[in-house]
Amino acid sequence: MSPRQDGKRASVWRRFSLKKLGFFTILYTVALLPGIGCSMTGSETTRGPLVGGPCEYKSYPGQAEIVSVAPMEAPAAAGGERYDVKFRFIPDGPVDEPLGKAALQRTFSLLPDREMPPDRTFIGKFDIRPGKRLGCTLKVITRGTCTPILFDFPSLTPGDAAPR
């Protein structure tokens with residue numbers, strides 16, 4: 001028996017032909033995609049992705065005392081001769097936040113551009129050596145999910161003059 005002679009088989013093939021199936025697939029895709037994009041509200045589409053913020057910090061002025069200055073090993077200093085500079089923070093007054101109090105008990109690496117350790121030029125320009133104290137502000141997060149502790153060194157600004 002051929003499909004044309006069998007009435008049931010012929011009607012099934014007519015209903016589910018590849019042309020119709022392809023047409024309906026495209027129709028459903030075109031109808032559903034704009035709906036997915038419209039599910040976001042106006043404030044979600046106009047604003048870029050929010051990473052970590054908005055955050056608030058409490059500032060504690062003080063000094064950073066350089067504890068050690070040592071050349072880094074070759075693989076770690078791939079971009080030239082870099083130095084591992086460690087410092088500890090000494091506040092001018094009491095620190096209230098637990099994260100801030102914990103920061104007083106440890107040392108930190110000095111990263112002038114917040115990514116790379118200082119090079120020989122930076123060390124010479126700002127006279128970085130053990131025992132030297134630099135003006136510094138400890139910033140402890142009080143609201144948000146950004147970096148919990150930041151250090152600001154106003155005297156280590158990029159420019160031609162060395163700090164006083």
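- Scored by the ring-ring contact (aromatic ring centres under 6.0 Å, His included) test, Tyr83 finds no partners at all (sequence neighbours excluded).
- Taking the side chain to side chain contact (heavy atoms under 4.5 Å, CB included) definition, one finds that Pro118 meets it with Val85, Pro112, Phe122, Ile123, sequence neighbours left out.
- Residues forming a side-chain hydrogen bond (donor to acceptor under 3.5 Å, both in side chains) with Arg143 (at least two apart in sequence, or on another chain): Glu56.
- Residues in residues 59-69 take part in these side-chain hydrogen bond (donor to acceptor under 3.5 Å, both in side chains) pairs, two or more places apart or across chains: Tyr60-Glu97, Gln63-Arg133, Glu65-Arg88.
- Nearest heavy-atom pair across Gly144 and Cys55 is CA-SG, 3.8 Å.
- Counting all heavy atoms, side chain and backbone alike, Ile149 lies closest to Leu99 at CD1-O, 3.6 Å.
- Under the side chain to side chain contact (heavy atoms under 4.5 Å, CB included) criterion, Pro130 pairs with Val69, sequence neighbours left out.
- Put simply, the side chain of Leu110 does not reach to within 4.5 Å of the side chain of Pro117, judged on heavy atoms.
- The shortest side-chain heavy-atom distance between Pro91 and Leu138 does not fall under the 4.5 Å cut-off.
- Applying the side-chain hydrogen bond (donor to acceptor under 3.5 Å, both in side chains) criterion to Asp127, with sequence neighbours excluded, gives Arg129.
- For Lys101, there are no side-chain hydrogen bond (donor to acceptor under 3.5 Å, both in side chains) partners at least two apart in sequence or on another chain.
- In this structure, the salt bridge (charged side-chain N to carboxylate O under 4.0 Å, His left out) partners of Asp96, at least two apart in sequence or on a different chain, are Lys58.
- Outside the 6.0 Å centre-distance limit, the rings of Phe153 and Phe126 are not counted as a close aromatic pair.
- In terms of heavy atoms, Ser155 sits closest to Gly135 at OG-O, 4.0 Å.
- Rounding to the nearest 0.5 angstrom, the gap separating the CZ atom in Arg120 from the CD atom in Glu81 is 4.0 Å.
- When Val140, Thr142, Leu150 are each tested for a side-chain contact (heavy atoms from CB on, under 4.5 Å) with Tyr57, only one passes: Leu150.
- Evaluation of the side-chain hydrogen bond (donor to acceptor under 3.5 Å, both in side chains) rule for Ser109 yields Lys86 as partners, not counting sequence neighbours.
- Ring geometry for Phe151 against Phe89 counts as tilted: the plane angle lies between 30° and 60°, on a 0 to 90° scale.
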